[in-house]
Amino acid sequence: ALAALEQRFARTIAADHRIEPRDWMPDAYRRTLIRQIAQHAHSEIIGMQPEGNWISRAPSLRRKAILLAKVQDEAGHGLYLYAATETLGADRADLTRKLIEGRQRYSSIFNYPTLTFADVGVIGWLVDGAAICNQVPLCRTSYGPYARAMIRICKEESFHQRQGYELLLTMMSGTEQQRRMVQEATDRWWWPALMMFGPPDADSPNTAQSMAWRIKRDTNDELRQKFVDMTVPQAEKLGVTLPDPELRWNPERGHYDFGTPDWAEFKQVLAGNGPCNAQRLAHRRRAHEDGAWVREAASAYAAKQAARAAA
Ligand code: FAQ
């Protein structure tokens, strides 16, 4: 019986059809999805902090309204993704516990500080740009609920990317000091943005199996290259320099060559030693503790309603 189930799963994947929650799936496939989707959800929630830092200091009412909406969208993405993990049998409260106990990951990128308002623009341009590059192929991932969640999330991420680029275009047509702020923020975010795609393929333990299961549709290095190729012309149009002396067009490959990210730094950030890891987790933990009374009240209310319905 197990062999028949395994065969049907393999046929569904080979035909490029979707696996749905009610379908049989290998335990390791389920575990990999829960790991990746939970990490993605945690990233959206922790990712609210660096930009949230600027909501109260946005330079105009218009910029404040835009930033509030963007950070709210990220909360929505997080909840949407937690709901996708629940279709796999995970429990959101349990995932949150694992996050605040440091037992599950979130993206390395959110462990860097936002020092000036230009960072808000650069996060939209580079961080959301990298997120889109990684997530558009995930609209075709083999697990149905994750693929469908990605369609909506990508639409909102494109909007985020454009607001960041528009903010930077505005700053670049401003004063010399504003142009310097944009360049300085680009210098700080460029390499961490390249690290968002994960370790090089040769050091990526999960890629081969995830590609075979069609959870991932491209490797880490393929997506990193795609991101560099699409971003270089945007940097030129903006008038900023990307901080990589090795960056140049390679006509034979038809791609840009680029330098090597500092993978030792990446490992340090993953080990919890990035500039803001402790601060991000402490903030998330505090928010969770401060919200305990809301969860208690909601549970008490739900129990009361259920008792009333039963009476
Ligand atoms: N940071 O074998 P691989 C956003 C871990 S966008 C931290 O290559 P995999 C939007 C990896 O988990 C950001 N950890 O792993 C936004 C694994 O750990 P484990 C979120 C990383 O899974 C914008 C180990 O290293 N997007 O939030 C990172 O096949 C602006 C070995 O790596 C997603 O999560 C990293 N950068 O490939 C929000 C996209 N890279 O558990 C607010 C979905 C790797 O084995 C503001 N995820 N690791 O110990 C993916 O596509 C994949 O999970 C990868 C990693 C590509 C990230």
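Values below: every heavy atom of this structure, side chains too, minus hydrogens, waters and symmetry copies. Order of listing sets the numbers, starting from 1, for every ligand and every atom in it.
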Determine the minimum heavy-atom distance between [X] and [Y], stating which atoms define it.
{"X": "L223", "Y": "C133", "result": "CD2-O, 3.6 Å"}
{"X": "Q104", "Y": "L99", "result": "O-CD1, 4.2 Å"}
{"X": "A58", "Y": "F117", "result": "CA-CE1, 3.9 Å"}
{"X": "Q49", "Y": "R284", "result": "NE2-N, 3.9 Å"}

Could you label the plane-to-plane angle of the Y29 and Y143 rings as parallel, tilted or perpendicular, counting under 30° as parallel and over 60° as perpendicular? perpendicular

Which of the numbered atoms in ligand 1 are below 4.0 angstrom from a heavy atom of [X]?
{"X": "V127", "answer": "23 (C), 30 (C)"}
{"X": "M195", "answer": "36 (N)"}
{"X": "K216", "answer": "8 (O), 9 (P), 29 (O), 37 (O)"}
{"X": "D128", "answer": "23 (C), 30 (C)"}
{"X": "G198", "answer": "40 (N), 44 (C)"}

Is ligand 1 under 4.0 Å from a heavy atom in the side chain of [X], in the backbone, in both, or in neither?
{"X": "H160", "answer": "neither"}
{"X": "P205", "answer": "both"}
{"X": "Y106", "answer": "backbone"}
{"X": "N206", "answer": "both"}

Say whether, by atom type as modelled, one donor and one acceptor occur between the side chain of R224 and the main chain of G198 under 3.5 angstrom. yes

For the ring pair H40 and Y80, is the centre-to-centre distance below 6.0 Å? no

Within the structure, is a non-hydrogen atom of [X] found at a distance of less than 4.0 Å from ligand 1?
{"X": "E51", "result": "yes"}
{"X": "E157", "result": "yes"}
{"X": "H77", "result": "no"}

Check ion pair K98-E101 (N to O, under 4.0 angstrom): no

Measure the distance from atom 51 (O) of ligand 1 to every protein heavy atom, then report the residue, atom name and distance (to 0.1 Å) of the closest one. N134 ND2, 2.9 Å

Can you figure out which of S108, A130, P192, S43 has its heavy atom closest to atom 36 (N) of ligand 1? S108

Just going by heavy-atom distances, which of P199, A38, S107 is nearest to atom 44 (C) of ligand 1? P199

Could you please spell out the steps behind the ring pair (Phe, Tyr, Trp, His ring centres under 6.0 Å) verdict for F110 and H42? CA-CA 10 Å; F110 303 116; H42 297 329; over 10 Å; no

Atom 21 (C) of ligand 1 protein-contacted (non-hydrogen atom, under 4.0 angstrom): yes

